[in-house]
Q: 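Have a look at this one before I ask anything.
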Amino acid sequence: MALWGGRFEEGVDELTQEFGASLPVDKALYRQDIAGSIAHSAMLAAQGVISQEDADAIREGLLGIQADIDAGNFTFDINDEDIHMSIEAELTRRIGDAGARLHTGRSRNDQVATDTRLGAKALAKHLMEQNLGLRRALLDAARAAGTTVLPGMTHLQHAQPVLFAHHLLAYTWMLQRDFARLAAAFDAADANPLGAAALAGTSYPLDRQMTARDLGFARVIENSLDAVSDRDFLLDLEYACSVMAVHLSRLSEEIVLWSSQEFGFITLSDAFSTGSSIMPQKKNPDFAELIRGKTGRVVGDLVQLLVTLKGLPLAYNKDMQEDKEGALDAAHTLSQCLTVMRGMVSTWTVNADRMRAVMHKGHLAATDVADYLAKRGMPFREAHAVVGHLVLTAEKRGVDIADLPFEEFKAASDLFEPDITGALDLDAVAAARTTQGGTAPVRVAEQSEKAEAAYAADEAALAALTPVVEMGREA
Ligand code: ARG
């Protein structure tokens with residue numbers, strides 16, 4: 001009979017037992033559940049609701065169960081429905097009456113909210129660490145790239161030369177925003193629901209500040225109904241995961257392109273490539289593709305929870321049991337993606353010569369030629385048309401605008417002087433982009449310092465986070 005079986009005459013059908021159970025998913029939260037129960041029972045004793053001896057026995061019993069699960073010596077029984085009842089039933093088997101007193105003044109509704117919030121904090125923190133790991137790899141790769149230039153693109157067409165370092169740093173800023181989103185998700189989860197009980201609070205003199213302190217929650221949730229029905233913190237976490245996954249997917253797409261024969265900008269290390277079972281020559285960017293693919297799954301997890309919560313009346317509804325699987329999956333999937341991406345970035349070989357070689361396609365200096373005329377008095381629109389015509393001439397001859405003889409320039413406009421050839425040098429073109437945030441080497445060096453400072457600030461923010469209840473082996 002289930003722990004709630006008192007008002008029932010028959011047990012539930014075997015099928016519904018399995019259908020209703022969340023144990024296969026929420027056993028991932030066993031450490032959070034045990035931490036919550038230890039804090040709750042210590043508070044019950046401090047408030048005189050249970051004896052100190054009972055609280056001590058509960059604590060010892062729970063730590064024993066935790067050690068057994070940690071060591072893989074615990075058999076979960078699906079008939080226990082969820083992690084809360086599984087642990088409580090085992091505790092009572094081990095220590096008797098004291099175990100049966102644990103649930104005084106508590107409901108699984110505030111219990112599961114507590115466990116899930118503690119879990120969300122651990123996951124967010126873990127992802128923040130990994131976010132920094134990938135940023136470190138990108139910052140190092142940007143530094144190693146020096147002043148290597150590649151064709152910057154819009155619409156995937158050659159546009160203007162940019163520093164490869166500049167391109168990589170763009171991803172560090174995306175990841176910096178992802179870190180901020182994770183920190184916000186951590187903060188959203190950082191509030192104590194314990195004491196809300198089923199939905200309305202309880203008549204026991206519970207000290208919610210004490211359990212908040214013991215569990216490392218920054219604050220207490222002010223409304224008992226909100227405490228048991230809020231899952232915004234999971235949405236925040238899954239949104240943060242989704243945006244970061246989209247960022248990794250965009251980088252993955254670039255890796256797939258860059259490592260193709262057509263681009264050849266990078267060569268992936270063997271450790272982060274795969275072969276083909278039929279084509280002996282193949283070296284495929286499978287892992288970049290897989291990160292791109294797994295992004296759909298992470299975004300799907302977010303959408304699933306949004307749809308699950310939509311239309312739920314206050315307070316707890318069993319639908320909410322569907323909240324954890326996606327959140328755990330999103331965090332776990334993203335965690336794997338971050339690890340693999342870090343490995344790919346830190347072991348690829350950059351083919352700077354190849355980047356430079358393809359710069360001579362696509363008339364990358366065209367904007368600067370137009371600017372040359374505009375700076376000598378020609379209205380920019382007119383200059384644009386003159387240079388467009390030069391590009392057409394070059395296209396017809398099958399050359400780049402930079403390869404046209406000076407006479408062609410002079411014929412197009414009298415404003416051209418022999419120094420125009422200097423304006424066609426692609427390093428100079430990149431170096432001329434000196435606006436703040438531009439791709440000129442001086443600006444990229446400044447930007448790199450700022451990106452390092454942002455990294456250091458986030459590293460400090462991570463170190464300053466309150467300790468979390470780490471996920472255990474079932475996660
Ligand atoms: N297994 C449940 C969940 O994950 C725990 C809360 C159940 N509460 C209840 N009243 N049925 O949401």
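One-based numbering, in listed order, for ligands and for the atoms of each. When reading the values below, keep in mind they use all heavy atoms of this one structure, side chains included, and skip hydrogens, waters and symmetry mates. Not measured: the values here are computed from a predicted model.
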Q: Which of the numbered atoms in ligand 1 are under 4.0 angstrom from any heavy atom belonging to H84?
A: 5 (C)
Q: Taking D329 as the fixed residue, which of R297, K324, Q304 is the one that meets the side chain to side chain donor-acceptor pair (under 3.5 Å) rule?
A: R297
Q: Which label fits F164 and W348: parallel for a plane angle under 30°, tilted from 30 to 60°, or perpendicular past 60°?
A: tilted
Q: State whether F217 and R117 meet the cation-pi test: NZ (Lys) or CZ (Arg) under 6.0 Å from the six-membered ring centroid, and within 45° of the perpendicular axis.
A: no
Q: How about S249 and E253: does a side-chain donor come under 3.5 Å of a side-chain acceptor?
A: no
Q: If I take atom OG1 from residue T439 and atom CD from residue Q160, how far apart are they, to the nearest 0.5 angstrom?
A: 9.5 Å
Q: Just to confirm my output: which protein heavy-atom neighbour is closest to atom 10 (N) of ligand 1, and how far is it?
A: N109 OD1, 3.1 Å
Q: Looking only at heavy atoms, is any part of E81 under 4.0 Å from ligand 1, and if so is it the side chain, the backbone, or both, or is it neither?
A: neither
Q: Applying the side chain to side chain donor-acceptor pair (under 3.5 Å) test to S37, which of R106, E88, H84 qualifies?
A: R106
Q: Can you tell me the protein heavy atom closest to atom 11 (N) of ligand 1 and the distance?
A: R108 NH2, 3.6 Å
Q: Out of all atoms in ligand 1, which are within 4.0 Å of some heavy atom of D82? Include the element for each.
A: 1 (N), 2 (C), 5 (C)
Q: For atom 6 (C) of ligand 1, what's the nearest protein heavy atom and its distance?
A: Y316 OH, 3.5 Å
Q: Output the list of atoms in ligand 1 that are nearer than 4.0 Å to some heavy atom of K324, sorted by atom number.
A: 3 (C), 4 (O), 12 (O)
Q: Under 4.0 Å from a heavy atom of Q321: which atoms of ligand 1 are those, numbered in the order shown and with their elements?
A: 1 (N), 2 (C), 3 (C), 4 (O), 12 (O)
